[in-house]
**Student:** 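My structure is below; once you've seen it, I'll send some questions.
Throughout, a chain's letter reflects where its sequence line sits, starting with A, and its residues are numbered from 1. Remember, predicted model here, so these are calculated numbers, not experimental data.
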Amino acid sequence: MSLRSPLGQVLGLGSAKSGTGHWWGQRVSALALIPLCLWFVFSLLLLPNLDYSTTRAWLQWPVSGFLAILLVAVVAYHSYLGTTVIVEDYVHAEGYKLLGLVLLRFLHVLVAGAAIFAILRIAFGT
Amino acid sequence: MPVRARPLSPHLQIYRWQLGNTLSILHRLTGILLGFGFLALAYWFVALATDAHSYRAATHLFASPLGLLALLGWTFAFFYHLLNGVRHLLWDAGRGFERTERHASGWLAVVGAGALTLGVWILLWHFERL
């Protein structure tokens, strides 16, 4: 006998195992990526060259560093959501699916963490 | 107990190949490519943060024939995924579902991505970044 209501016991237990959060997150991050990606691509194109010192100087400017960190974080989130759906769609064996999903999550956090740490190092000149 | 093959709903092989599904598959494919591009971008940031030597090694790698091919592919993948993504967002907003609109926006995404890729690489060429 549970004290939880019948509704409370089944909420969130549908076949999709989650609600619209995933779908919505994909759309909102897509929207955020439009200006962030365009800023990044055209900033690089507008630099006089892509030498070590020029590129570092550009990234040391606070606005560039800040936007670059946002870009990496949102790209990682968007990519994680997208690749997760691909694994869920095509990997049918429960064990491999679980392994794939965990690896994807680890990989995205690892890569995003490394990139953000690198940008911070450049920004703070260490 | 004998396991009986359960009936399946119709899948890919039963449908006629057309523009809509091609562009949908291309959207996913470019998404995967861009995922690998994200790895390359992270590597580029890390090399830039390490020292001039590592950064030079990274730029040499990207300027190699295989590196340039990858960058070209990522440029197209980026612009296609961007334009087709906007197309998807418009659909999510309930717009552009008519047959003519779907076809026009689909072709616009493909041709636009091609044109933007060409434009970016002409710019790179022009400013001798390669």
**Student:** Check whether more than 12 heavy atoms from other residues, nucleotides or ligands sit under 6.0 Å from atom CD of B:Glu98, and answer yes or no.
**Tutor:** no

**Student:** Name the region of B:Leu41, side chain, backbone, both or neither, that has any atom closer than 4.5 Å to a heavy atom of chain A.
**Tutor:**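 Contact with chain A involves the side chain of B:Leu41 alone.
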
**Student:** With a 4.5 angstrom heavy-atom cut-off, which part of A:Ile119 approaches chain B: side chain, backbone, both or neither?
**Tutor:**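 Side chain only.
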
**Student:** Please report the closest heavy-atom contact between B:Ala49 and A:Ala118, naming both atoms and the distance.
**Tutor:**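 B:Ala49 and A:Ala118 have their closest heavy atoms at CB-O, 3.4 Å.
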
**Student:** Crowded around B:Trp107 CH2? As in, over 12 foreign heavy atoms under 6.0 Å?
**Tutor:**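 Counting other residues, nucleotides and ligands, CH2 of B:Trp107 stays at 12 neighbours or fewer.
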
**Student:** Between A:Val41 and B:Thr75, does a side-chain contact (heavy atoms from CB on, under 4.5 Å) hold up when you go through it step by step?
**Tutor:** CA-CA 10 Å; A:Val41 169; B:Thr75 315; over 6 Å; no

**Student:** Would you find more than 12 non-hydrogen atoms of other residues, nucleotides or ligands less than 6.0 Å from A:Phe106 atom CZ?
**Tutor:**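 Atom CZ in A:Phe106 is not crowded, with 12 or fewer foreign heavy atoms closer than 6.0 Å.
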
**Student:** When heavy-atom pairs shorter than 4.5 Å are enumerated against chain B, which of A:Ser53, A:Ala76, A:Ser79 gives the highest number?
**Tutor:**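 Of the options given, most contacts go to A:Ala76.
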
**Student:** Evaluate side-chain contact (heavy atoms from CB on, under 4.5 Å) for B:Leu89 paired with A:Ile34, printing each intermediate quantity in order.
**Tutor:** CA-CA 11 Å; B:Leu89 287 174; A:Ile34 297 173; 4.3 Å; yes

**Student:** Are A:Trp39 and A:Val63 connected in a single hydrophobic cluster, I mean Ile/Leu/Val/Met/Phe/Trp/Tyr linked by side-chain heavy atoms less than 4.5 Å apart?
**Tutor:** yes

**Student:** Using 30° and 60° as the class boundaries, would you call the ring planes of A:Phe42 and B:Phe79 parallel, tilted or perpendicular?
**Tutor:**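 Taking B:Phe79 first and then A:Phe42, their aromatic rings sit tilted (interplane angle of 30° to 60°).
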
**Student:** Under 4.5 Å, counting heavy-atom pairs only, tell me which of A:Leu33, A:Ile116, A:Val72, A:Leu31 racks up the most with chain B.
**Tutor:** A:Val72

**Student:** Heavy-atom distances under 4.5 Å only: say whether A:Phe40 touches chain B with side chain, backbone, both or neither.
**Tutor:** side chain

**Student:** Should A:Trp24 and B:Asp92 count as side-chain neighbours, where that means a heavy-atom distance under 4.5 Å?
**Tutor:**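 The answer is no, as the side chains (C-beta and beyond) never meet within the 4.5 Å cut-off.
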
**Student:** Select one option (side chain, backbone, both, neither) describing which atoms of B:Phe78 are under 4.5 Å from chain A's heavy atoms.
**Tutor:**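 The side chain, not the backbone.
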
**Student:** Out of curiosity, does A:Trp61 fall in the hydrophobic cluster containing A:Phe124 (side-chain heavy atoms, cut-off under 4.5 Å, transitive links)?
**Tutor:**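 They do share one cluster, since a chain of ILVMFWY contacts under 4.5 Å joins A:Phe124 to A:Trp61.
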
**Student:** A:Leu45, B:Trp121: one ILVMFWY side-chain cluster at the under-4.5 Å cut-off?
**Tutor:** yes

**Student:** Return the CG to CG distance between A:Leu107 and B:Leu39, rounded to the nearest 0.5 Å.
**Tutor:**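 Atom-to-atom, A:Leu107:CG and B:Leu39:CG are 6.0 Å apart.
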
**Student:** How many angstroms lie between atom CG of A:Leu50 and atom CH2 of B:Trp44, to the nearest 0.5 angstrom?
**Tutor:** 6.5 Å

**Student:** Report the relative orientation of the aromatic rings in A:Tyr52 and B:Tyr55; use parallel for angles under 30°, tilted for 30 to 60°, perpendicular for over 60°.
**Tutor:**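 The arrangement is tilted - the two ring planes meet at 30° to 60°.
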
**Student:** Can you say whether A:Arg121 sits under 4.5 Å from chain B via the side chain, the backbone, both, or neither, judging by heavy atoms?
**Tutor:** side chain

**Student:** Same hydrophobic cluster for A:Ile69 and A:Leu110, using side-chain heavy-atom links shorter than 4.5 Å among ILVMFWY?
**Tutor:**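 No; tracing contacts between hydrophobic side chains, which count when under 4.5 Å, never links both residues.
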
**Student:** If you look at every heavy atom in A:Arg56 and B:Leu48, which pair is closest and at what distance?
**Tutor:** NH1-O, 2.8 Å

**Student:** Please determine, among A:Thr83, A:Asp51, A:Leu120, the option with the most heavy-atom pairs under 4.5 Å with chain B.
**Tutor:** A:Asp51

**Student:** Check whether A:Leu59 gets within reach of chain B through its side chain, its backbone, both or neither, counting any heavy atom under 4.5 Å.
**Tutor:** side chain

**Student:** Based on non-hydrogen pairs under 4.5 Å, which of A:Ala30, A:Ala123, A:Cys37 is most in contact with chain B?
**Tutor:** A:Cys37

**Student:** Identify which of B:Ala42, B:Ala47, B:Gly35, B:Ala52 forms the greatest number of heavy-atom pairs closer than 4.5 Å to chain A.
**Tutor:** B:Ala52

**Student:** Check whether A:Leu36 and A:Leu47 end up in the same hydrophobic cluster, where Ile, Leu, Val, Met, Phe, Trp and Tyr are linked by side-chain heavy atoms less than 4.5 Å apart.
**Tutor:**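 Same cluster: A:Leu36 reaches A:Leu47 through Ile, Leu, Val, Met, Phe, Trp or Tyr contacts under 4.5 Å.
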
**Student:** Any idea which of B:Val86, B:Val120, B:Thr59, B:Asp51 has the most non-hydrogen atom pairs under 4.5 angstrom with chain A?
**Tutor:**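 Of B:Val86, B:Val120, B:Thr59, B:Asp51, B:Asp51 has the most heavy-atom pairs under 4.5 Å with chain A.
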
**Student:** Measuring from atom NE2 of A:His78 to atom NE2 of B:His81, what distance do you get when rounded to the nearest 0.5 angstrom?
**Tutor:** 4.5 Å

